[in-house]
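Everything below concerns the one structure shown next.
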Amino acid sequence: MTLKRLVLIFVLTPIAVLLAVSALFGSWQEPQFQSRLELYQTNIALQAQAWQSEDSNDDNLKAIREAILGEQPLEGATNQYEEARQSVKVNLDKVSNKLAQLRSQPEITPIPPKPLPEVPPTTKTSKQGQQQLQQSLKQLQKLLAELDLRLGILQAQQGQTDTALKTWSKLEQRSNINPEFGETATVLSGLWSNPSRLLPNAEQPIQKNLEGWFRSTALVQLYQLQQRQDALSAVKAAQQESASQAVVKLAVIGTIPTLAALIGLILLILLFAQRLLKGKASLLAQNADVAWSTPWDGETVLQVFVIGFFFMGQIFVPLVLSLLPIPRPIIDVRLQAFSVLISYLLVASGALLVMYFSVKRFFPLPEFWFRFRFQDNWFLWGLGGYCAALPIVVVVSLINQQLWQGQGGSNPLLQLALESRDGVALGIFFFTAAIAAPFFEEILFRGFLLPSLTRHLPVWGSILISSLLFAIAHLSLSEILPLTALGIVLGVVYTRSRNLFAPMLLHSLWNSGTLLSLFVLGSN
């Protein structure tokens, strides 16, 4: 056995596995992005529930509104906010405990970074770790205060005034964390007290610390008590305009994926029925057992993924970027987006170069390796695969949420895309996720890994293993099951079509749909 093989198998591979496992278990303590996303959807639903048509007696409009918002939108929103508050409280306790432990252990602690496309990782000292945890603690405390302000308004609007006053009273007792939120809680308590208490400059904290439906609801209560009819009419008109826009947004982010999922469900039923009736003549059986002719062994696969994917992406590129004279942390959202794109392109270029030089000596490759053909039915495979993946991943995600209960981590890029209001930054995020990521990941996982595995496994086993590794590469426990399900669909589409354009299109449509939903929600 050569020295190169010894180092690769017994040194580099165990290091990569240990760091990946450490990062996966580290994500267990992180909140899922899904909980934050659900709050954005809830806020839009609250705005939409204030919508009133000119014909308030139109039964069709009532049915549409109920279909979009549900029968009791306020009650549903209250439950959502109570669950979010509990989740934030749990995470707040965890961060506090971590901070206490870190303060008692001042030695340097390496933090294994996450794979791209995500926020570029770094290695942190104990002091830097304390600063990050302290920042996280402040963010969670702020979020908890925001949730309490909003939860109280929801409770008050449902006639639970005493409960709302208690919610705001507890927040006032924590006003040392952020005096502005304590002041706002005092203003809200005065508005809903009996008798009411109108504090001077009550409008200012409402405008500053509330938004959307919560702001307009508090302003309506204020203007009614102040008997300011002009201001009241203006805020109600603005509320109706926002409500109509919110209804459109909910229709867009709900109707299009639902229709695509319904088409996908019908497509799956037809494909499985065809498989039962026609057997090996069906589309699902096409190329199902045809393996690739693989001239290299497992060492080449390890070399590509351990050196090209892991060490390039997790150590070399982050180290190079950390040496650049860039102020950190990066605050400007355009610079954040550009940093993510450059980091991802460097990682992708490095991994593809390692793969190229690893297989170059086997050129010319046998038929169907890295196959791109425009004159083919790849578009139908990609589009159909996207529709079929929707119901599958949705069901798996519902099960997954019950398993992880809001924990398990998520891709930070999603949060950046959701909260970004900058068109240039959104364009860069879109290019990274919808073009660069599908191109690189499909070449690596479907174009190289899946066919390589068919040397040792049947095609279905290669699809399963490559999909699992594709999911694990994202280093978030909560994403393993959904991404494995998506990876299986990508693998089936590629093995049947034998054209990399097909899974690339599916992958691009998937990421595009996710980002477009985030853009719509974030524009609220």
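Values reported hereafter were calculated over all heavy atoms of this structure, with side chains retained and with hydrogens, waters and symmetry mates removed. Values in this document were obtained by computation on a predicted structure and should not be read as measured data.
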*Are more than 12 heavy atoms from other residues, nucleotides or ligands located less than 6.0 Å from atom CG of N287?*
yes
*When rounded to the nearest 0.5 angstrom, what is the spacing between CG in L383 and CG in L267?*
9.5 Å
*Separation of I315 CD1 from L12 CG (nearest 0.5 Å)*: 8.5 Å
_Minimal non-hydrogen separation, K280 against R275, with atom names_ = N-NH1, 4.0 Å
*Might you work through the side chain to side chain contact (heavy atoms under 4.5 Å, CB included) test for L6 and V11, ending with a clear yes or no?*
CA-CA 7 Å; L6 284 172; V11 179; over 6 Å; no
*asked:* So which atom in A48 and which in V247 form the shortest heavy-atom distance, rounded to 0.1 Å?
replied: CB-CG2, 3.7 Å
*Look at the aromatic rings of H507 and F470 and report parallel, tilted or perpendicular, splitting at 30° and 60°.*
perpendicular
_Could you tell me if the side chain of L464 sits less than 4.5 Å from the side chain of I488, heavy atoms only?_
yes
*S339 side-chain N/O to L335 backbone N/O, donor-acceptor pair under 3.5 Å*: no
*Compare every heavy atom of A433 with every heavy atom of A437, then report the nearest pair and how far apart it is.*
CB-O, 3.6 Å
*asked:* Determine whether a donor-acceptor pair (N or O, by modelled atom type, separation under 3.5 Å) exists between the side chain of S508 and the backbone of A434.
replied: yes
*Taking everything shown except F363 itself, do over 12 heavy atoms lie less than 6.0 Å from its CZ?*
yes
*With a 4.5 Å limit on heavy-atom distance, are the side chains of L302 and E299 in contact?*
no
*Does any N or O in the side chain of S358 come within less than 3.5 Å of the main-chain N or O of V354, such that one atom is a donor and the other an acceptor?*
yes
*Looking just at side-chain N and O atoms, do Y81 and N43 make a donor-acceptor pair shorter than 3.5 Å?*
yes
*Taking all heavy atoms of F362 and all of P295, pick out the closest pair and write down the distance.*
CE2-O, 3.4 Å
*Does some side-chain heavy atom of L486 sit less than 4.5 Å from a side-chain heavy atom of W510?*
yes
*Answer yes or no: is there a side-chain heavy-atom contact under 4.5 Å between I307 and L8?*
yes
*Mark yes or no for whether T454, through its side chain, and W292, through its backbone, hold a donor-acceptor pair below 3.5 Å.*
yes
_Is the shortest side-chain heavy-atom distance between T255 and L250 below 4.5 Å?_
no
*Would you call I256 and L259 a side-chain contact if the rule is heavy atoms closer than 4.5 Å?*
no
*Taking it one step at a time, do N400 and S478 satisfy side chain to side chain contact (heavy atoms under 4.5 Å, CB included)?*
CA-CA 7 Å; N400 192 63; S478 68; 4.2 Å; yes
*To the nearest 0.5 Å, tell me how far F440 CZ sits from T432 OG1.*
13.0 Å
*Please walk me through it: do F445 and F305 pass ring-ring contact (aromatic ring centres under 6.0 Å, His included)?*
CA-CA 10 Å; F445 286 95; F305 275 86; 5.5 Å; yes
*Check: A288 main-chain N/O paired with T495 side-chain donor or acceptor under 3.5 Å*: no
_Main chain of L18, side chain of S22: is a donor-acceptor contact present, judged purely on distance under 3.5 Å?_
no
_Side chain proximity check, V489 to V393, heavy atoms < 4.5 angstrom_ = no
_Angle between ring planes, F448 versus F370, binned at 30° and 60°: parallel, tilted or perpendicular?_
parallel
_Distance in Å, I465 CD1 paired with I463 CD1, rounded so as to fall on 0.5 Å steps_ = 11.5 Å
*Might you point out which heavy atoms bring P451 and T294 nearest each other, and give the distance in Å?*
O-OG1, 3.2 Å
*If a pair satisfies side chain to side chain donor-acceptor pair (under 3.5 Å) and one of its residues is in residues 359-374, list it, with sequence neighbours excluded.*
none
*Is there a side-chain contact between F272 and L276, using heavy atoms and a 4.5 Å cut-off?*
no
_So which atom in V301 and which in S452 form the shortest heavy-atom distance, rounded to 0.1 Å?_
CG2-CB, 3.7 Å
*Kindly say whether F10 contributes a backbone atom to a donor-acceptor pair with the side chain of T13 at under 3.5 angstrom?*
no
_So for atom CZ, which belongs to F372, do other residues, nucleotides or ligands contribute more than 12 heavy atoms lying within a distance under 6.0 Å?_
yes
*Tell me, please, which residues at least two apart from R498 pass salt bridge (charged side-chain N to carboxylate O under 4.0 Å, His left out).*
none
_Using side chain to side chain contact (heavy atoms under 4.5 Å, CB included), reason through L283 and Q274 one step at a time and then give a plain yes or no._
CA-CA 8 Å; L283 283 174; Q274 186 192 48; 3.7 Å; yes
*Report the distance from atom CD1 of I9 to atom CD of Q303, rounding to the nearest 0.5 Å.*
11.0 Å
*For the pair W296 and L365, evaluate side chain to side chain contact (heavy atoms under 4.5 Å, CB included) and give the outcome as yes or no after the intermediate values.*
CA-CA 10 Å; W296 51 78; L365 297 177; 3.5 Å; yes
*Nearest 0.5 Å please: distance from the CD atom of E442 over to the CG atom of L449.*
11.5 Å
